[in-house]
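Remember, predicted model here, so these are calculated numbers, not experimental data.
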Amino acid sequence: MPVSDHASPGSVDAGSRVDLAIRAVTDHIRDNGLRVGDSLPGEGHFAANLGVSRAVMREAFGALAALRLIDVGNGRKARVGALDGAIIAASLDHAVSTAQITVAEIWVVRRTIEVKTAALAAASRTDDEAREIMALADLLARSRHDMPATARADIAFHEAIAKASHNALFVQIVASFAPLMEVAVPAAWRTRKAGADPDMMLERHHRVAEAILRRDPVAAAAAMDEHFDAAIHSDLVGLDLKGAN
């Protein structure tokens, strides 16, 4: 059957032809029930069905690859791409750098998401996942004097909790926060070193891990909420991170 029954691309400009081509590829993926890793027809197939040039299809494939919707490798057919939090991270970074949103606003959203993932992790985690989360809490304690290592361990700790939630979207959203955390985590730890005892921050990580280990969603959510109260100081983000106005 034809790839698309849209209006003839001869009546539209080059940019619209590329848009048409992009829609044709995404329609093909959806209409044929393709899954991650499945092969796609080549540029020539789509070009012939749409009546556009291969150059248009090459641009469309390039745009889809940049969005990680398809995976294009040298010498092989394009394949359906996997969900990738890096795209969300790039969008967040762009939005912050162009003053469309603030880091504070991101942290309000992050807090909400991570409290939920902690509760889900406590309910859904495997024994291996619980052990990994606890091990990362221990690693944080051991790396407290090495800021890059601390940031890596903190990021891994939160990503492991998201993974244990067994919700693929939460995994990708939490992963998208990593670039900002690489900057914010050391800043937050420096803030706490100048004020409250950093040992308390480590203890709060362990409280989250222990609640997940006990399979206690209510305690896990409360511990994560408390962790955000202590770990992300209002001076870092410029407002009350509970989102109160």
Side-chain angles (χ1 to χ4, degrees), residues 35-37 68 81-90 92 106-190 192-193 197-232 236 241:
R35 296 294 180 260
V36 173
R68 311 292 174 87
L83 183 65
D84 190 341
I87 299 298
I88 306 173
L92 290 176
I106 292 174
W107 247 250
V108 170
V109 173
R110 183 188 162 211
R111 179 187 197 134
T112 302
I113 288 171
E114 298 226 33
V115 168
K116 183 63 175 179
T117 61
L120 289 173
S124 305
R125 59 80 173 165
T126 65
D127 290 344
D128 285 345
E129 288 167 343
R131 282 191 288 268
E132 180 184 6
I133 292 165
M134 186 61 72
L136 287 166
D138 292 339
L139 179 60
L140 264 167
R142 295 196 303 272
S143 63
R144 56 178 291 184
H145 299 298
D146 181 341
M147 282 298 102
T150 296
R152 289 192 298 271
D154 206 350
I155 290 167
F157 176 79
H158 289 278
E159 290 183 349
I161 292 171
K163 180 181 176 183
S165 78
H166 292 220
N167 182 308
L169 186 55
F170 278 149
V171 172
Q172 296 299 331
I173 293 173
V174 171
S176 75
F177 298 137
L180 288 172
M181 288 178 69
E182 288 173 359
V183 175
V185 169
W189 277 77
R190 285 193 295 270
R192 303 316 291 174
K193 282 185 175 182
D197 186 350
D199 286 341
M200 186 58 69
M201 289 185 70
L202 298 170
E203 175 60 26
R204 288 187 173 100
H205 282 86
H206 275 96
R207 288 178 190 170
V208 174
E210 288 163 0
I212 291 171
L213 183 65
R214 295 196 310 270
R215 297 188 184 275
D216 187 338
V218 174
M224 183 65 82
D225 199 46
E226 184 182 22
H227 164 57
F228 267 83
D229 274 339
I232 310 300
L236 178 63
L241 286 170

Considering all heavy atoms of both residues, which atom of Arg215 and which atom of Asp127 are nearest to each other, and what is their separation? NH2-OD1, 3.7 Å

Flag, side chain of Arg110 to backbone of Phe177, donor-acceptor distance under 3.5 Å: no

Ignoring hydrogens, what is the shortest heavy-atom contact between Leu213 and Ala130? Give both atom names and the distance. CD1-CB, 3.8 Å

Of the non-hydrogen atoms in Ala211 and Ala122, which two are nearest, and what is the gap between them? O-CB, 4.1 Å

If the test is side-chain contact (heavy atoms from CB on, under 4.5 Å), which one of Thr117, Leu92, Ile113 qualifies with Ile173? Ile113

Looking at CD of Gln172 and CG of Asn167, how far apart are the two atoms once the value is rounded to the nearest 0.5 Å? 10.5 Å

Taking Glu159 first and then Lys163, would you say they form a salt bridge - that is, a charged N and a carboxylate O separated by under 4.0 Å? no

Which value, rounded to the nearest 0.5 Å, describes the distance between Arg111 atom CZ and Ile106 atom CD1? 16.0 Å

What residue pairs, at least two apart or across chains, pass side chain to side chain donor-acceptor pair (under 3.5 Å) with a residue in residues 129-138? Thr126-Glu129, Asp128-Arg131, Glu129-His166, Asp138-His206

Begin with the C-alpha distance, continue with both residues' side-chain angles, and end with the deciding distance and a verdict on side-chain contact (heavy atoms from CB on, under 4.5 Å) for Leu139 and Arg152. CA-CA 10 Å; Leu139 179 60; Arg152 289 192 298 271; over 6 Å; no

In short, Gly85 meets Ser176 closest at the heavy-atom pair O-CB, 3.4 Å

Once rounded to the nearest 0.5 Å, what's the spacing between atom CG of Leu136 and atom CD1 of Ile161? 9.0 Å

Assess the residue pair Thr112 and Glu114 against the criterion (side-chain contact (heavy atoms from CB on, under 4.5 Å)); give the C-alpha distance rounded to whole Å, side-chain angles, the decisive distance to 0.1 Å, and a yes or no. CA-CA 6 Å; Thr112 302; Glu114 298 226 33; over 6 Å; no

Taking NZ, NE, NH1 and NH2 as the nitrogens, is one of them in Asp225 or Arg204 under 4.0 Å from a carboxylate oxygen of the other? no

Restricting to non-hydrogen atoms, name the atom on Ser165 and the atom on Leu120 that form the minimum distance, rounded to 0.1 Å. CB-CB, 3.7 Å

How close do Ile212 and Ala220 get, counting heavy atoms only, and between which atoms? CG1-CB, 4.1 Å

